[in-house]
> 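There's a structure below that I have some questions on.
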Amino acid sequence: MIVAITGATGYVGRFIATALQARGDRVRALMRPDREPIGLPDGIEFVTGDLADPPADLCAGADALVHAALDHLPGRYRGGEGNDPKRYLEVNLMGSLRLLQQARGVGVRRCVLLSSRAVYGRRIAGIPLDETHPAWPDTLYGATKAALEAFA
């Protein structure tokens with residue numbers, strides 16, 4: 001199986017890319033021009049580009065897409081937009097939507113989106129934190145993830 005992945009050089013995505021390759025999948029990873037594949041195994045195919053404008057060849061011929069990328073200030077998820085929430089939304093929400101549309105357009109049949117507990121925001125006491133808990137994001141990060149989940 002060919003699996004396209006975003007975020008393979010990030011904190012979580014590197015583990016996903018490594019596990020996919022270890023199970024025998026061919027891994028094609030989106031990598032920003034300013035990144036290096038440090039700590040990733042040999043044999044991963046890298047496509048240079050970024051989430052703002054995903055390159056068409058990332059998903060071409062892929063059987064599945066794992067979307068683990070998030071463009072944010074280093075070390076910050078919540079508050080990762082810094083002083084530019086418009087750019088944050090353009091890259092992370094709109095770029096993700098373009099990626100999903102692109103994947104659908106080339107026939108990718110499976111997609112896994114990494115989300116976050118941040119879609120729930122404040123936890124309501126007495127209600128388990130599961131799919132029945134109301135989404136109530138209280139950060140731009142959580143609202144972005146919730147919007148992407150709703151679209152998907």
> Taking all atoms of both residues into account, what is the closest heavy-atom pair of Pro137 and Gly142, and its distance?
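Smallest interatomic distance, heavy atoms only, reads CB-C, 3.4 Å.
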> Could you tell me whether a side-chain N or O of Arg32 sits under 3.5 Å from a main-chain N or O of Thr9, the two making a donor and an acceptor?
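Side chain of Arg32 to backbone of Thr9: no pair is present.
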> Under 4.5 Å side-chain heavy-atom separation, chaining through any Ile, Leu, Val, Met, Phe, Trp or Tyr, what else clusters with Trp136? Say none if it is isolated.
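Ile124, Ile127, which link up through side-chain heavy atoms under 4.5 Å apart, make up the rest of the cluster.
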> Between Leu89 and Met94, is the side-chain contact (heavy atoms from CB on, under 4.5 Å) condition met? List the steps.
CA-CA 6 Å; Leu89 288 170; Met94 300 310 296; 5.9 Å; no
> Is the side chain of Asp50 donor-acceptor paired with the backbone N or O of Asp53 at a distance under 3.5 Å, no angle test?
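It does hold such a pair.
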> Which heavy atom of Ser115 sits nearest a heavy atom of Tyr141, and at what distance?
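It is O-OH, 4.5 Å.
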> Got a second to check how far Cys59's SG is from Gln101's CD, nearest 0.5 Å?
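Here the rounded value is 12.0 Å.
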> Same hydrophobic cluster for Phe46 and Ile5, using side-chain heavy-atom links shorter than 4.5 Å among ILVMFWY?
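Per the 4.5 Å side-chain linkage, Phe46 and Ile5 are co-clustered.
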> Looking only at heavy atoms, which two atoms of Leu40 and Ala17 are closest? And how far apart?
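That would be CD2-CB, 4.4 Å.
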> Is Leu58 reachable from Val108 through a run of hydrophobic residues whose side-chain heavy atoms are each under 4.5 Å from the next?
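They do share one cluster, since a chain of ILVMFWY contacts under 4.5 Å joins Val108 to Leu58.
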> Leu93 and Val91: same hydrophobic cluster, using ILVMFWY side-chain contacts below 4.5 Å?
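Yes; Val91 is reachable from Leu93 via cluster members.
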> Does atom CZ of Phe15 have more than 12 heavy-atom neighbours, drawn from other residues, nucleotides or ligands, at distances under 6.0 Å?
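No - once you tally the heavy atoms of other residues, nucleotides and ligands closer than 6.0 Å, there are 12 at most.
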> Hydrophobic cluster membership, with links at side-chain heavy-atom distances under 4.5 Å among I/L/V/M/F/W/Y: are Val119 and Leu100 in one?
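The answer is no; the residues belong to distinct hydrophobic clusters.
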> Answer yes or no: are there more than 12 heavy-atom neighbours, outside Asn83 itself, under 6.0 Å from its atom CG?
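Check fails, neighbour count at 12 or below.
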> Donor-acceptor pair, distance only, cut-off 3.5 Å: does the side chain of Arg110 make one with the backbone of Asp63?
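It does not hold such a pair.
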> Are the side chains of Pro55 and Thr48 in touch, meaning some heavy atoms are under 4.5 Å apart?
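They are not in side-chain contact.
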> Using the rule given for side-chain contact (heavy atoms from CB on, under 4.5 Å), can you reason through Val66 versus Leu114, listing the C-alpha separation, both sets of side-chain angles and the distance that settles it, and then say yes or no?
CA-CA 8 Å; Val66 176; Leu114 269 65; 4.2 Å; yes
> Minimum heavy-atom separation for Leu113 to Ala152, with atom names?
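The pair with the smallest heavy-atom distance is CD1-CB, 3.3 Å.
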> Start with the C-alpha distance between Thr144 and Glu81, add both sets of side-chain angles, then the distance that settles side-chain contact (heavy atoms from CB on, under 4.5 Å), and finish with yes or no.
CA-CA 11 Å; Thr144 300; Glu81 69 275 7; over 6 Å; no
> Give the minimum heavy-atom separation between Ala52 and Arg98, together with the two atoms involved.
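Residues Ala52 and Arg98, closest heavy atoms: O-NH2, 2.7 Å.
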> Any heavy-atom pair between the side chains of Thr18 and Ile44 that's under 4.5 Å?
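Side-chain contact under 4.5 Å: no.
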> For the side chain of Asp130 and the backbone of Thr132, is there at least one donor-acceptor N/O pair under 3.5 Å apart?
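At least one qualifying donor-acceptor pair exists.
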> Where the side chain of Gln102 meets the backbone of Pro54, is there a donor-acceptor pair that is under 3.5 Å apart?
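It does hold such a pair.
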> Any chance you could measure Arg122, atom CZ, to His133, atom NE2, to the nearest 0.5 Å?
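One gets 10.5 Å once the value is rounded to the nearest 0.5 Å.
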> Treat each ILVMFWY residue as a node, draw an edge where side-chain heavy atoms are under 4.5 Å apart, and state whether Phe151 and Tyr120 are in one component.
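No; tracing contacts between hydrophobic side chains, which count when under 4.5 Å, never links both residues.
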> May I ask you to check whether over 12 heavy atoms, not counting those of Asp42, lie within 6.0 Å of atom CG?
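No, CG of Asp42 has 12 or fewer neighbouring heavy atoms, counting only those of other groups under 6.0 Å.
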> If I take atom OG1 from residue Thr6 and atom CG from residue Leu65, how far apart are they, to the nearest 0.5 angstrom?
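It is 6.5 Å, given to the nearest 0.5 Å.
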> For the pair Leu99 and Leu30, evaluate side-chain contact (heavy atoms from CB on, under 4.5 Å) and give the outcome as yes or no after the intermediate values.
CA-CA 11 Å; Leu99 174 68; Leu30 179 64; over 6 Å; no
> Testing the basics here: between Asp138 and Gly121, what is the closest heavy-atom pair and its distance to 0.1 Å?
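Looking at all heavy atoms of both residues, the shortest contact is OD1-CA, 3.6 Å.
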> Going through the checks in order, is the salt bridge (Lys or Arg N to Asp or Glu O under 4.0 Å) test met by Arg87 and Asp71?
CA-CA 10 Å; Arg87 180 192 174 282; Asp71 187 281; 2.9 Å; yes
> Check whether any side-chain heavy atom of Met1 lies under 4.5 Å from a side-chain heavy atom of Arg23, and answer yes or no.
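A side-chain contact under 4.5 Å exists here.
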